Amino acid sequence: MTVATVLVPGMLCDAALWDGVRGDLGPGVVDVQITAGDIGGMAEQVLAAVPGPFRLVGLSLGAIVGFEVLRRAPDRVRGLCAISTNAGAPRPEQRQGWLDLARSTVDGRFDAVVRERIAPTMFADEEPELVEAFMAMAHRVGPAVFLRQLAAQATRRDQHGELSRHHVPALVLCGDRDALCPPAFHERLAAALPAAELKVLPGAGHLLPWEADLGSLLREHLDIDLTEETKQCPKS
């Protein structure tokens, strides 16, 4: 049976997040957009996107959803790559921050929220080209989905104990200049996963696929054969 590679983006991200790595991941790549209002609903969106077994690559919120996917369907997840993320429960200051972002968005200040509060945290350095590309991506996702993603963030729970039960091959990736999810989060995550490898990439921030060359790293870890013949997988 074909093993698909499912790509799950982070908050305010779409399939363009993976444009720099998709070609290195062989056939059978499926992009999933997470739009439900809670983590469980997002996990079900991933599980419904492809039949059978799959490898999961998730960034930030996408990886958090991946942890819930693994909890719900461990027999289907053949490999996991968790990028720029946090397996912990929300902190009080995070909950308040999400509420503030939601209020500003409802009040019609979505563009300012993204440009002034979110975009500056995405990269190690605020390169104008990257910031503008992120802004365009965020506007494609839009304020309605953003509000549901903020609501979903508040339904997170600590997954470290659950992850310790799963021996799926896992790669934990982060940038050493990630201001949102620093290396310490990933060290704890990698320690929880019994079969995990941790890689901290120098000079990179939160939106790692746009700041680092991840293609060969992901392909090697996920054991993807670029000559493998697979059936066309549905996209969602």
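Residue numbers count from 1 along this sequence. Keep in mind that this is a model prediction, so the values were computed, not measured.
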What I'd like to find out is whether the side chain of [X] reaches to under 4.5 Å of the side chain of [Y], using heavy atoms alone.
X      : Y      : value
Arg115 : Arg109 : no
Arg157 : Glu68  : yes
Val141 : Gln33  : yes
Leu59  : Pro209 : yes
Leu80  : Pro169 : no
Ile34  : Leu61  : yes

Within one Ile-Leu-Val-Met-Phe-Trp-Tyr cluster: Leu173 and Phe185, side-chain cutoff 4.5 Å: no
If we ignore angles and hydrogens, is there a donor and acceptor under 3.5 Å between the side chains of His139 and Asp111? yes
Can His186 and Thr85 be counted as having a side-chain donor-acceptor contact under 3.5 angstrom? no
I'd like to know if [X] and [Y] make a salt bridge, using a cut-off of under 4.0 Å between side-chain N and carboxylate O.
X      : Y      : result
Lys199 : Asp176 : no
Arg72  : Glu44  : yes
Arg148 : Asp38  : no

Is a donor on one side and an acceptor on the other found under 3.5 Å between the side chain of [X] and the backbone of [Y]?
X      : Y      : answer
Gln45  : Thr35  : yes
Ser104 : Leu101 : no
Gln159 : Ala87  : no
Arg55  : Val77  : no
Gln96  : Arg91  : no

Between Met137 and Leu12, which heavy-atom pair has the shortest distance, and what is it? CG-O, 3.7 Å
So Phe123 and Trp210, would you call those rings parallel, tilted or perpendicular, with 30° and 60° as cut-offs? parallel
Applying the side chain to side chain contact (heavy atoms under 4.5 Å, CB included) test to Leu17, which of Leu207, Ile83, Val8, Leu7 qualifies? Leu207
Atom CD of Glu129: over 12 foreign heavy atoms under 6.0 Å: no
